Number of protein chains: 2
Amino acid sequence: MPQHLIRKLEQFTRLSSEDKWALEDAASRKARLVDPHQDIISEGDNPQHVNLILEGWACRYKHLEDGRRQIISFFLPGDLCDPHVFVLREMDHSIGTLTPVRLAEISGDTILNLTDHHPRITKALWWEMLVSAAIQREWTVNIGQRMGVERLGHILCELFIRLRGVGLADGDSCLLPITQTDLGDATGLSNVHVNRVLQELRGAGLIVLRGKRLTIPDLEALQRVSLFNVNYLHLDREGRHFDTIGSDQVQA
Amino acid sequence: MPQHLIRKLEQFTRLSSEDKWALEDAASRKARLVDPHQDIISEGDNPQHVNLILEGWACRYKHLEDGRRQIISFFLPGDLCDPHVFVLREMDHSIGTLTPVRLAEISGDTILNLTDHHPRITKALWWEMLVSAAIQREWTVNIGQRMGVERLGHILCELFIRLRGVGLADGDSCLLPITQTDLGDATGLSNVHVNRVLQELRGAGLIVLRGKRLTIPDLEALQRVSLFNVNYLHLDREGRHFDTIGSDQVQA
DNA sequence: CGCCCGCTTGACCCATGTCAACGTCGGTGG
DNA sequence: CCACCGACGTTGACATGGGTCAAGCGGGCG
(Lines give C-alpha, C1' and ligand atoms only; values in the text may rest on other atoms or scores of the structure.)
Protein backbone atom coordinates (compact mmCIF):
# COMPACT_ATOMS: atom_id res chain seq x y z
CA MET A 1 0.00 0.00 0.00
CA PRO A 2 2.45 2.68 1.03
CA GLN A 3 4.58 2.44 -2.12
CA HIS A 4 4.86 6.20 -2.26
CA LEU A 5 6.17 6.49 1.28
CA ILE A 6 8.64 3.69 0.72
CA ARG A 7 9.76 5.23 -2.52
CA LYS A 8 10.18 8.57 -0.82
CA LEU A 9 12.22 7.20 2.06
CA GLU A 10 14.38 5.26 -0.36
CA GLN A 11 15.48 8.54 -1.82
CA PHE A 12 17.36 8.92 1.42
CA THR A 13 18.33 5.43 2.52
CA ARG A 14 18.00 1.85 1.46
CA LEU A 15 15.40 -0.16 3.26
CA SER A 16 15.53 -3.88 3.82
CA SER A 17 12.60 -6.10 2.90
CA GLU A 18 11.72 -6.36 6.58
CA ASP A 19 11.73 -2.58 6.84
CA LYS A 20 9.35 -2.37 3.92
CA TRP A 21 7.16 -5.08 5.25
CA ALA A 22 6.90 -3.30 8.58
CA LEU A 23 5.90 -0.10 6.85
CA GLU A 24 3.29 -1.89 4.80
CA ASP A 25 1.91 -3.51 7.89
CA ALA A 26 1.75 -0.21 9.75
CA ALA A 27 0.01 1.48 6.86
CA SER A 28 -2.61 -1.17 6.33
CA ARG A 29 -4.09 -1.26 9.82
CA LYS A 30 -6.64 1.48 9.43
CA ALA A 31 -7.61 3.19 6.20
CA ARG A 32 -9.89 6.15 5.70
CA LEU A 33 -11.45 7.83 2.70
CA VAL A 34 -12.01 11.56 2.84
CA ASP A 35 -14.01 13.64 0.39
CA PRO A 36 -12.44 16.70 -1.20
CA HIS A 37 -12.46 19.92 0.81
CA GLN A 38 -12.99 18.21 4.14
CA ASP A 39 -10.88 18.61 7.23
CA ILE A 40 -8.81 15.60 8.19
CA ILE A 41 -8.13 17.26 11.50
CA SER A 42 -9.11 20.75 12.58
CA GLU A 43 -7.50 23.55 14.51
CA GLY A 44 -8.13 22.97 18.21
CA ASP A 45 -8.41 19.21 17.86
CA ASN A 46 -6.25 16.88 19.86
CA PRO A 47 -4.29 14.71 17.46
CA GLN A 48 -4.62 10.98 18.09
CA HIS A 49 -2.57 9.42 15.34
CA VAL A 50 -0.34 10.05 12.38
CA ASN A 51 -1.98 10.29 8.98
CA LEU A 52 -0.22 8.87 5.97
CA ILE A 53 -1.51 10.09 2.63
CA LEU A 54 -1.90 7.12 0.33
CA GLU A 55 -3.70 8.84 -2.52
CA GLY A 56 -4.77 12.38 -3.33
CA TRP A 57 -3.64 15.78 -2.17
CA ALA A 58 -4.16 17.50 1.16
CA CYS A 59 -2.79 20.58 2.82
CA ARG A 60 -2.06 22.26 6.08
CA TYR A 61 -3.84 25.59 6.27
CA LYS A 62 -4.83 28.33 8.59
CA HIS A 63 -7.67 30.83 8.41
CA LEU A 64 -7.36 34.36 9.68
CA GLU A 65 -10.37 35.76 11.51
CA ASP A 66 -11.42 37.76 8.46
CA GLY A 67 -11.46 34.72 6.21
CA ARG A 68 -8.11 34.98 4.47
CA ARG A 69 -6.63 31.50 4.10
CA GLN A 70 -2.99 30.52 3.90
CA ILE A 71 -2.02 27.08 2.74
CA ILE A 72 1.04 26.30 4.81
CA SER A 73 2.15 23.14 3.06
CA PHE A 74 0.99 20.51 0.65
CA PHE A 75 0.68 16.84 1.49
CA LEU A 76 1.24 14.53 -1.45
CA PRO A 77 0.94 10.75 -1.57
CA GLY A 78 3.60 9.28 0.68
CA ASP A 79 3.60 12.27 3.02
CA LEU A 80 3.13 11.89 6.76
CA CYS A 81 1.21 14.50 8.68
CA ASP A 82 3.31 15.29 11.73
CA PRO A 83 4.81 12.09 13.05
CA HIS A 84 5.26 13.64 16.47
CA VAL A 85 2.47 16.06 17.22
CA PHE A 86 1.40 14.02 20.21
CA VAL A 87 3.63 16.13 22.38
CA LEU A 88 1.39 19.13 21.79
CA ARG A 89 -2.11 18.99 23.06
CA GLU A 90 -3.87 21.02 20.45
CA MET A 91 -3.59 21.57 16.71
CA ASP A 92 -2.74 25.21 15.94
CA HIS A 93 -3.86 24.76 12.35
CA SER A 94 -6.02 22.47 10.26
CA ILE A 95 -5.27 19.76 7.78
CA GLY A 96 -7.74 19.39 4.96
CA THR A 97 -8.11 17.62 1.67
CA LEU A 98 -7.85 19.30 -1.70
CA THR A 99 -8.96 16.23 -3.67
CA PRO A 100 -10.49 12.94 -2.59
CA VAL A 101 -7.92 11.39 -0.26
CA ARG A 102 -7.23 7.88 0.86
CA LEU A 103 -5.12 7.80 3.99
CA ALA A 104 -3.85 5.43 6.63
CA GLU A 105 -4.21 6.27 10.29
CA ILE A 106 -1.16 5.09 12.19
CA SER A 107 -1.27 5.02 15.95
CA GLY A 108 1.48 6.42 18.09
CA ASP A 109 2.22 2.93 19.39
CA THR A 110 2.68 1.62 15.90
CA ILE A 111 5.14 4.38 15.16
CA LEU A 112 7.06 3.70 18.34
CA ASN A 113 7.13 0.05 17.48
CA LEU A 114 8.43 0.81 14.01
CA THR A 115 11.22 3.02 15.25
CA ASP A 116 12.17 0.72 18.10
CA HIS A 117 12.81 -2.20 15.78
CA HIS A 118 13.93 -0.55 12.57
CA PRO A 119 16.82 1.86 12.96
CA ARG A 120 16.89 2.58 9.28
CA ILE A 121 13.24 3.56 9.29
CA THR A 122 13.89 5.74 12.30
CA LYS A 123 16.61 7.56 10.51
CA ALA A 124 14.55 7.85 7.34
CA LEU A 125 11.64 9.31 9.29
CA TRP A 126 14.00 11.82 10.83
CA TRP A 127 15.13 12.73 7.37
CA GLU A 128 11.58 13.13 6.16
CA MET A 129 10.78 15.35 9.13
CA LEU A 130 13.82 17.53 8.62
CA VAL A 131 13.10 17.85 4.92
CA SER A 132 9.55 18.93 5.73
CA ALA A 133 11.00 21.61 7.94
CA ALA A 134 13.38 22.66 5.17
CA ILE A 135 10.46 22.93 2.77
CA GLN A 136 8.64 25.09 5.26
CA ARG A 137 11.64 27.38 5.49
CA GLU A 138 11.91 27.57 1.74
CA TRP A 139 8.27 28.64 1.56
CA THR A 140 9.11 31.50 3.89
CA VAL A 141 11.83 32.57 1.47
CA ASN A 142 9.57 32.02 -1.50
CA ILE A 143 6.70 34.11 -0.22
CA GLY A 144 8.92 36.69 1.41
CA GLN A 145 11.29 37.44 -1.44
CA ARG A 146 10.23 36.12 -4.81
CA MET A 147 8.12 37.95 -7.40
CA GLY A 148 4.97 36.31 -8.71
CA VAL A 149 6.56 34.53 -11.65
CA GLU A 150 9.45 33.20 -9.62
CA ARG A 151 7.18 32.28 -6.77
CA LEU A 152 4.78 30.19 -8.79
CA GLY A 153 7.59 28.73 -10.84
CA HIS A 154 9.32 27.73 -7.65
CA ILE A 155 6.35 25.96 -6.19
CA LEU A 156 5.70 24.13 -9.44
CA CYS A 157 9.32 22.95 -9.51
CA GLU A 158 9.02 21.75 -5.95
CA LEU A 159 5.77 19.90 -6.50
CA PHE A 160 7.01 18.27 -9.66
CA ILE A 161 10.23 17.09 -8.07
CA ARG A 162 8.43 15.81 -4.99
CA LEU A 163 5.92 13.95 -7.11
CA ARG A 164 8.68 12.50 -9.22
CA GLY A 165 10.35 11.35 -6.03
CA VAL A 166 7.36 9.21 -5.15
CA GLY A 167 6.89 7.90 -8.66
CA LEU A 168 4.01 10.14 -9.64
CA ALA A 169 5.63 11.96 -12.53
CA ASP A 170 5.29 10.77 -16.08
CA GLY A 171 8.41 11.94 -17.86
CA ASP A 172 8.25 15.73 -17.80
CA SER A 173 4.70 15.97 -16.59
CA CYS A 174 2.53 15.27 -13.58
CA LEU A 175 -0.99 15.81 -12.34
CA LEU A 176 -1.78 19.06 -10.59
CA PRO A 177 -5.25 18.42 -9.21
CA ILE A 178 -5.76 21.73 -7.45
CA THR A 179 -7.32 25.04 -8.39
CA GLN A 180 -5.62 28.32 -9.12
CA THR A 181 -7.19 29.65 -5.95
CA ASP A 182 -5.40 26.91 -4.01
CA LEU A 183 -2.13 27.91 -5.64
CA GLY A 184 -2.86 31.49 -4.68
CA ASP A 185 -3.54 30.58 -1.07
CA ALA A 186 -0.25 28.72 -1.00
CA THR A 187 1.81 31.51 -2.51
CA GLY A 188 0.09 34.50 -0.99
CA LEU A 189 -1.16 35.72 -4.36
CA SER A 190 -4.74 36.38 -5.45
CA ASN A 191 -6.37 33.86 -7.73
CA VAL A 192 -6.58 36.49 -10.45
CA HIS A 193 -2.89 37.16 -10.26
CA VAL A 194 -2.07 33.47 -10.23
CA ASN A 195 -4.00 33.19 -13.46
CA ARG A 196 -2.04 35.99 -15.08
CA VAL A 197 1.29 34.63 -13.91
CA LEU A 198 0.42 31.19 -15.23
CA GLN A 199 -0.38 32.78 -18.59
CA GLU A 200 3.02 34.38 -18.50
CA LEU A 201 4.78 31.10 -17.72
CA ARG A 202 2.81 29.44 -20.48
CA GLY A 203 3.64 32.25 -22.88
CA ALA A 204 7.32 31.80 -22.13
CA GLY A 205 7.01 28.09 -22.90
CA LEU A 206 8.13 27.24 -19.38
CA ILE A 207 5.05 25.23 -18.51
CA VAL A 208 2.15 23.57 -20.25
CA LEU A 209 -0.93 23.40 -18.09
CA ARG A 210 -4.05 21.85 -19.54
CA GLY A 211 -6.81 20.58 -17.36
CA LYS A 212 -5.15 19.00 -14.39
CA ARG A 213 -1.94 18.06 -16.15
CA LEU A 214 1.22 20.09 -15.70
CA THR A 215 4.10 19.63 -18.12
CA ILE A 216 7.49 21.21 -17.62
CA PRO A 217 9.29 20.86 -20.94
CA ASP A 218 12.58 22.19 -19.58
CA LEU A 219 12.83 21.81 -15.83
CA GLU A 220 16.24 23.43 -15.64
CA ALA A 221 14.96 26.50 -17.42
CA LEU A 222 12.03 26.81 -15.02
CA GLN A 223 14.39 26.36 -12.09
CA ARG A 224 16.63 29.09 -13.42
CA VAL A 225 13.77 31.54 -13.84
CA SER A 226 12.43 30.68 -10.38
CA LEU A 227 15.78 30.88 -8.57
CA PHE A 228 15.13 27.30 -7.56
CA ASN A 229 17.96 25.51 -5.81
CA VAL A 230 17.08 21.90 -5.17
CA ASN A 231 19.47 21.44 -2.25
CA TYR A 232 16.78 22.11 0.37
CA LEU A 233 15.06 18.86 -0.58
CA HIS A 234 18.18 16.96 0.52
CA LEU A 235 17.96 14.29 -2.11
CA ASP A 236 21.61 13.35 -1.63
CA ARG A 237 21.04 9.83 -0.47
CA GLU A 238 23.42 8.64 2.19
CA GLY A 239 25.52 5.81 0.92
CA ARG A 240 24.50 6.65 -2.64
CA HIS A 241 28.07 5.72 -3.61
CA PHE A 242 27.36 2.18 -2.44
CA ASP A 243 24.57 1.79 -4.95
CA THR A 244 26.87 0.54 -7.68
CA ILE A 245 27.93 -2.43 -5.60
CA GLY A 246 24.31 -3.27 -4.96
CA SER A 247 24.66 -3.96 -1.25
CA ASP A 248 21.64 -4.20 0.97
CA GLN A 249 23.86 -4.03 4.04
CA VAL A 250 24.80 -0.38 4.12
CA GLN A 251 25.52 0.86 7.63
CA ALA A 252 22.78 3.12 8.92
CA MET B 1 24.47 29.51 32.48
CA PRO B 2 21.52 28.39 30.41
CA GLN B 3 18.91 30.10 32.57
CA HIS B 4 17.06 31.20 29.48
CA LEU B 5 16.80 27.71 28.08
CA ILE B 6 15.70 26.32 31.41
CA ARG B 7 13.17 29.05 31.80
CA LYS B 8 11.88 28.40 28.34
CA LEU B 9 11.51 24.68 28.84
CA GLU B 10 9.79 25.26 32.15
CA GLN B 11 7.04 27.01 30.28
CA PHE B 12 6.18 23.54 29.09
CA THR B 13 7.14 21.16 31.87
CA ARG B 14 8.63 21.17 35.29
CA LEU B 15 12.24 20.14 35.51
CA SER B 16 13.87 18.52 38.50
CA SER B 17 17.08 19.90 39.99
CA GLU B 18 18.98 17.04 38.36
CA ASP B 19 17.44 17.92 35.01
CA LYS B 20 18.58 21.48 35.42
CA TRP B 21 22.00 20.48 36.57
CA ALA B 22 22.40 18.28 33.52
CA LEU B 23 21.41 21.13 31.23
CA GLU B 24 23.84 23.45 32.91
CA ASP B 25 26.58 20.93 32.58
CA ALA B 26 25.85 20.37 28.90
CA ALA B 27 25.79 24.08 28.21
CA SER B 28 29.04 24.87 29.98
CA ARG B 29 31.33 22.50 28.11
CA LYS B 30 32.25 24.70 25.22
CA ALA B 31 31.44 28.39 24.89
CA ARG B 32 31.99 30.65 21.93
CA LEU B 33 31.75 34.37 21.35
CA VAL B 34 30.69 35.58 17.94
CA ASP B 35 30.82 39.14 16.65
CA PRO B 36 27.73 40.73 15.16
CA HIS B 37 26.95 39.97 11.53
CA GLN B 38 29.07 36.86 11.39
CA ASP B 39 27.98 33.43 10.31
CA ILE B 40 27.75 30.84 13.05
CA ILE B 41 27.39 28.19 10.38
CA SER B 42 27.06 28.72 6.65
CA GLU B 43 25.03 27.19 3.87
CA GLY B 44 26.84 24.13 2.59
CA ASP B 45 28.60 23.44 5.89
CA ASN B 46 28.30 20.14 7.62
CA PRO B 47 26.85 20.72 11.08
CA GLN B 48 28.90 19.23 13.90
CA HIS B 49 27.03 20.26 17.01
CA VAL B 50 24.01 22.01 18.38
CA ASN B 51 24.36 25.70 19.19
CA LEU B 52 22.59 27.10 22.19
CA ILE B 53 22.24 30.87 22.24
CA LEU B 54 23.19 32.14 25.68
CA GLU B 55 23.20 35.84 24.95
CA GLY B 56 22.39 38.03 21.96
CA TRP B 57 20.28 37.55 18.84
CA ALA B 58 20.96 35.44 15.80
CA CYS B 59 18.93 34.32 12.81
CA ARG B 60 18.51 31.73 10.16
CA TYR B 61 18.68 33.30 6.74
CA LYS B 62 19.01 32.54 3.10
CA HIS B 63 20.36 34.64 0.25
CA LEU B 64 18.94 34.45 -3.25
CA GLU B 65 21.43 34.59 -6.09
CA ASP B 66 20.65 38.22 -6.77
CA GLY B 67 21.34 39.28 -3.21
CA ARG B 68 17.86 39.43 -1.72
CA ARG B 69 17.94 38.10 1.83
CA GLN B 70 15.19 36.42 3.78
CA ILE B 71 15.48 35.99 7.51
CA ILE B 72 13.77 32.68 8.13
CA SER B 73 13.68 32.78 11.91
CA PHE B 74 15.11 34.57 14.89
CA PHE B 75 17.17 32.90 17.58
CA LEU B 76 16.85 34.50 20.99
CA PRO B 77 18.67 33.62 24.20
CA GLY B 78 17.65 30.13 25.22
CA ASP B 79 17.05 29.01 21.65
CA LEU B 80 18.66 25.89 20.23
CA CYS B 81 19.74 25.83 16.62
CA ASP B 82 18.45 22.55 15.18
CA PRO B 83 18.91 19.84 17.79
CA HIS B 84 18.80 17.18 15.10
CA VAL B 85 20.40 18.44 11.92
CA PHE B 86 23.03 15.74 12.06
CA VAL B 87 20.82 13.55 9.94
CA LEU B 88 21.30 15.89 7.01
CA ARG B 89 24.73 16.28 5.61
CA GLU B 90 24.65 19.83 4.50
CA MET B 91 23.12 23.08 5.70
CA ASP B 92 20.64 24.44 3.18
CA HIS B 93 20.77 27.86 4.80
CA SER B 94 23.01 29.90 7.06
CA ILE B 95 22.81 30.90 10.68
CA GLY B 96 24.30 34.25 11.51
CA THR B 97 24.45 36.72 14.35
CA LEU B 98 22.55 39.97 14.46
CA THR B 99 24.25 41.24 17.62
CA PRO B 100 27.28 40.00 19.54
CA VAL B 101 26.39 36.47 20.58
CA ARG B 102 27.59 34.16 23.29
CA LEU B 103 26.72 30.57 22.60
CA ALA B 104 27.37 27.08 23.85
CA GLU B 105 28.35 24.35 21.44
CA ILE B 106 26.77 21.09 22.48
CA SER B 107 27.95 17.89 20.87
CA GLY B 108 25.60 15.28 19.53
CA ASP B 109 26.83 12.85 22.17
CA THR B 110 26.00 15.25 24.93
CA ILE B 111 22.48 15.66 23.57
CA LEU B 112 22.03 11.91 23.34
CA ASN B 113 23.28 11.56 26.84
CA LEU B 114 20.85 14.20 28.06
CA THR B 115 17.88 12.60 26.40
CA ASP B 116 18.84 9.08 27.42
CA HIS B 117 18.89 9.93 31.10
CA HIS B 118 16.30 12.68 31.41
CA PRO B 119 12.90 11.83 29.97
CA ARG B 120 11.49 15.15 30.98
CA ILE B 121 14.23 16.99 29.10
CA THR B 122 13.59 14.78 26.12
CA LYS B 123 9.97 15.69 26.12
CA ALA B 124 10.74 19.36 26.65
CA LEU B 125 13.16 19.36 23.74
CA TRP B 126 10.47 17.77 21.60
CA TRP B 127 8.15 20.51 22.64
CA GLU B 128 10.70 23.18 21.80
CA MET B 129 11.28 21.64 18.40
CA LEU B 130 7.57 21.42 17.60
CA VAL B 131 7.03 24.98 18.73
CA SER B 132 9.85 26.12 16.45
CA ALA B 133 8.09 24.38 13.60
CA ALA B 134 4.81 26.04 14.58
CA ILE B 135 6.54 29.43 14.55
CA GLN B 136 7.89 28.72 11.11
CA ARG B 137 4.38 27.91 9.91
CA GLU B 138 3.02 31.07 11.45
CA TRP B 139 5.64 33.07 9.59
CA THR B 140 4.36 31.56 6.37
CA VAL B 141 0.90 32.79 7.27
CA ASN B 142 2.23 36.14 8.38
CA ILE B 143 4.17 36.87 5.23
CA GLY B 144 1.63 35.30 2.93
CA GLN B 145 -1.54 36.94 4.21
CA ARG B 146 -1.02 39.87 6.51
CA MET B 147 -0.71 43.53 5.48
CA GLY B 148 2.33 45.49 6.56
CA VAL B 149 0.88 46.82 9.80
CA GLU B 150 -0.46 43.46 10.88
CA ARG B 151 2.69 41.72 9.78
CA LEU B 152 5.06 43.87 11.77
CA GLY B 153 2.69 44.00 14.71
CA HIS B 154 2.52 40.23 14.66
CA ILE B 155 6.25 39.72 14.70
CA LEU B 156 6.66 42.26 17.50
CA CYS B 157 4.05 40.42 19.56
CA GLU B 158 5.81 37.15 18.95
CA LEU B 159 9.23 38.46 19.85
CA PHE B 160 7.96 40.15 22.97
CA ILE B 161 6.16 37.07 24.20
CA ARG B 162 9.12 34.83 23.44
CA LEU B 163 11.48 37.17 25.26
CA ARG B 164 9.12 37.38 28.20
CA GLY B 165 9.09 33.60 28.27
CA VAL B 166 12.81 33.49 28.89
CA GLY B 167 12.79 36.30 31.39
CA LEU B 168 14.03 39.03 29.09
CA ALA B 169 11.05 41.35 29.26
CA ASP B 170 10.82 44.17 31.72
CA GLY B 171 7.13 44.72 32.35
CA ASP B 172 5.69 45.83 29.05
CA SER B 173 8.99 46.38 27.32
CA CYS B 174 11.99 44.54 25.99
CA LEU B 175 15.15 45.13 24.00
CA LEU B 176 14.93 44.93 20.23
CA PRO B 177 18.58 45.05 19.21
CA ILE B 178 18.09 44.72 15.46
CA THR B 179 17.77 47.18 12.60
CA GLN B 180 14.71 48.03 10.60
CA THR B 181 16.39 46.38 7.64
CA ASP B 182 16.56 43.15 9.63
CA LEU B 183 12.87 43.45 10.40
CA GLY B 184 12.24 43.99 6.72
CA ASP B 185 14.24 40.93 5.74
CA ALA B 186 12.23 38.92 8.23
CA THR B 187 8.84 40.15 7.08
CA GLY B 188 9.46 40.46 3.37
CA LEU B 189 9.07 44.22 3.44
CA SER B 190 11.57 46.88 2.35
CA ASN B 191 13.39 48.80 5.05
CA VAL B 192 11.67 51.98 3.90
CA HIS B 193 8.27 50.43 4.28
CA VAL B 194 9.15 48.98 7.66
CA ASN B 195 9.99 52.46 8.76
CA ARG B 196 6.66 53.84 7.60
CA VAL B 197 4.71 51.02 9.20
CA LEU B 198 6.54 51.52 12.48
CA GLN B 199 5.59 55.20 12.36
CA GLU B 200 2.03 54.14 11.89
CA LEU B 201 2.14 51.76 14.86
CA ARG B 202 3.76 54.49 16.93
CA GLY B 203 1.16 56.99 15.79
CA ALA B 204 -1.61 54.65 16.89
CA GLY B 205 0.02 54.36 20.31
CA LEU B 206 0.43 50.62 19.85
CA ILE B 207 4.18 50.61 20.32
CA VAL B 208 6.89 52.84 21.69
CA LEU B 209 10.21 52.27 20.01
CA ARG B 210 13.14 54.38 21.08
CA GLY B 211 16.68 53.30 20.45
CA LYS B 212 16.76 49.60 20.98
CA ARG B 213 13.91 49.47 23.45
CA LEU B 214 10.46 48.32 22.43
CA THR B 215 7.51 49.03 24.68
CA ILE B 216 4.05 47.62 24.06
CA PRO B 217 1.72 49.58 26.31
CA ASP B 218 -1.29 47.42 25.50
CA LEU B 219 -0.28 44.00 24.27
CA GLU B 220 -3.85 42.86 23.75
CA ALA B 221 -4.55 45.84 21.54
CA LEU B 222 -1.50 45.11 19.42
CA GLN B 223 -2.49 41.47 19.19
CA ARG B 224 -5.95 42.45 18.05
CA VAL B 225 -4.66 44.75 15.35
CA SER B 226 -2.17 42.11 14.20
CA LEU B 227 -4.63 39.20 14.19
CA PHE B 228 -2.26 37.57 16.63
CA ASN B 229 -3.45 34.34 18.20
CA VAL B 230 -0.98 33.11 20.77
CA ASN B 231 -1.99 29.46 20.54
CA TYR B 232 0.77 28.55 18.09
CA LEU B 233 3.35 29.14 20.80
CA HIS B 234 1.80 26.30 22.82
CA LEU B 235 2.37 27.88 26.20
CA ASP B 236 -0.23 25.64 27.81
CA ARG B 237 2.09 23.88 30.18
CA GLU B 238 1.30 20.24 30.71
CA GLY B 239 0.30 19.64 34.26
CA ARG B 240 -0.21 23.36 34.79
CA HIS B 241 -3.18 22.45 36.97
CA PHE B 242 -0.75 20.76 39.35
CA ASP B 243 1.09 23.99 39.99
CA THR B 244 -1.16 25.02 42.84
CA ILE B 245 -0.21 21.96 44.84
CA GLY B 246 3.44 22.74 44.25
CA SER B 247 4.49 19.21 43.36
CA ASP B 248 7.85 18.57 41.77
CA GLN B 249 6.79 15.02 40.99
CA VAL B 250 4.46 15.52 38.08
CA GLN B 251 4.46 12.54 35.74
CA ALA B 252 6.17 13.27 32.45
C1' DC C 1 36.01 66.01 14.51
C1' DG C 2 34.34 63.46 10.95
C1' DC C 3 32.48 59.35 9.10
C1' DC C 4 29.33 55.75 8.62
C1' DC C 5 25.42 53.33 9.59
C1' DG C 6 20.84 53.41 10.41
C1' DC C 7 16.59 56.16 10.50
C1' DT C 8 13.41 59.27 8.10
C1' DT C 9 10.98 61.46 4.40
C1' DG C 10 9.30 62.59 -0.29
C1' DA C 11 8.37 61.51 -5.12
C1' DC C 12 7.31 58.31 -8.17
C1' DC C 13 6.32 53.68 -10.07
C1' DC C 14 4.92 49.02 -10.47
C1' DA C 15 3.45 44.51 -8.87
C1' DT C 16 -0.36 42.84 -7.27
C1' DG C 17 -5.11 43.25 -5.32
C1' DT C 18 -10.10 44.04 -6.10
C1' DC C 19 -14.24 44.04 -8.55
C1' DA C 20 -16.96 42.60 -12.04
C1' DA C 21 -18.30 40.35 -16.13
C1' DC C 22 -18.04 36.57 -19.08
C1' DG C 23 -16.72 31.87 -20.79
C1' DT C 24 -16.40 26.91 -20.26
C1' DC C 25 -17.09 22.56 -18.73
C1' DG C 26 -18.95 18.73 -16.18
C1' DG C 27 -22.67 17.15 -13.42
C1' DT C 28 -27.42 16.72 -12.31
C1' DG C 29 -32.23 16.69 -12.34
C1' DG C 30 -36.51 17.32 -14.87
C1' DC D 1 -31.68 14.82 -23.89
C1' DC D 2 -31.61 19.24 -22.68
C1' DA D 3 -31.55 23.06 -19.35
C1' DC D 4 -29.63 24.69 -15.60
C1' DC D 5 -26.16 25.41 -12.20
C1' DG D 6 -22.01 25.87 -9.79
C1' DA D 7 -17.13 25.82 -9.81
C1' DC D 8 -13.34 27.25 -12.09
C1' DG D 9 -10.71 29.89 -15.41
C1' DT D 10 -10.07 34.24 -17.98
C1' DT D 11 -10.03 39.04 -18.96
C1' DG D 12 -10.39 44.13 -18.40
C1' DA D 13 -10.51 48.35 -15.67
C1' DC D 14 -9.08 50.39 -11.90
C1' DA D 15 -7.14 50.96 -7.06
C1' DT D 16 -3.41 50.62 -3.84
C1' DG D 17 0.16 48.64 -0.91
C1' DG D 18 4.51 48.56 -1.04
C1' DG D 19 9.06 49.01 -3.73
C1' DT D 20 12.76 51.99 -5.40
C1' DC D 21 15.55 55.88 -5.57
C1' DA D 22 17.48 59.64 -3.58
C1' DA D 23 18.39 63.02 -0.27
C1' DG D 24 18.88 64.55 4.33
C1' DC D 25 19.58 63.75 9.26
C1' DG D 26 21.38 62.25 13.67
C1' DG D 27 24.11 59.87 16.82
C1' DG D 28 27.77 56.73 18.18
C1' DC D 29 32.45 55.61 17.64
C1' DG D 30 37.26 55.66 16.09
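Predicted model, so just to flag it, every value in this text is computed and none were measured. Proteins get letters first, then strands, A, B, ... in listed order; numbering begins at 1 in each.
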Problem - Exam field: side chain A:Arg60 to backbone A:Ser73, donor-acceptor pair closer than 3.5 Å - result: no

Exercise for the section: Without swapping roles, check the side chain of B:Glu138 against the backbone of B:Phe228 for a donor-acceptor pair under 3.5 Å. Expected result: no

Practice task
Round to a whole Å and report the spacing from NZ of B:Lys212 to C1' of D:dG27.
Solution key: 12 Å

Fill in the blank from the handout: A:Asn191 atom CG is separated from D:dT11 atom C1', nearest whole Å, by 12 Å

Exercise for the section: Look only at the side chain of A:Glu55 and the backbone of A:Pro77, and say whether a donor-acceptor pair between them is shorter than 3.5 Å. Expected result: no

Exercise for the section: Without swapping roles, check the side chain of B:Ser190 against the backbone of B:His193 for a donor-acceptor pair under 3.5 Å. Expected result: yes

Practice task
Give a yes or no on whether the backbone of B:Asp182 and the side-chain of B:Thr179 come within a donor-acceptor separation of less than 3.5 Å.
Solution key: yes

Practice task
Tell me which residues in residues 192-209 of chain B put a heavy atom below 4.0 Å from DNA chain D, sorted by number, or none.
Solution key: B:Val192, B:His193, B:Arg196

Problem - Distance, rounded to the nearest Å, where A:Gln145 contributes CD and C:dA15 contributes P - result: 16 Å

Handout entry: B:Arg137 side chain vs A:Asp92 backbone, donor-acceptor pair below 3.5 Å
Key = no

Problem - Euclidean distance, atom CG of residue A:Leu152 to atom P of C:dA15 [Å, nearest integer] - result: 15 Å

Handout entry: B:Arg210 CZ to C:dC7 P, straight-line distance once rounded to whole Å
Key = 15 Å

Exercise for the section: Please check if any side-chain donor atom of B:Glu158 sits under 3.5 Å from a side-chain acceptor atom of B:Trp139, or the reverse. Expected result: yes

Handout entry: Interatomic distance, A:Arg68 CZ vs C:dT16 P [rounded to whole Å]
Key = 18 Å

Completion exercise
Residues in residues 173-189 of chain B with a heavy atom under 4.0 Å of DNA chain D, by number, are B:Gly188, B:Leu189

Practice task
Verify, without hydrogens or angle tests, whether A:Gln70 (side chain) and A:Asp185 (backbone) share a donor-acceptor contact under 3.5 angstrom.
Solution key: yes

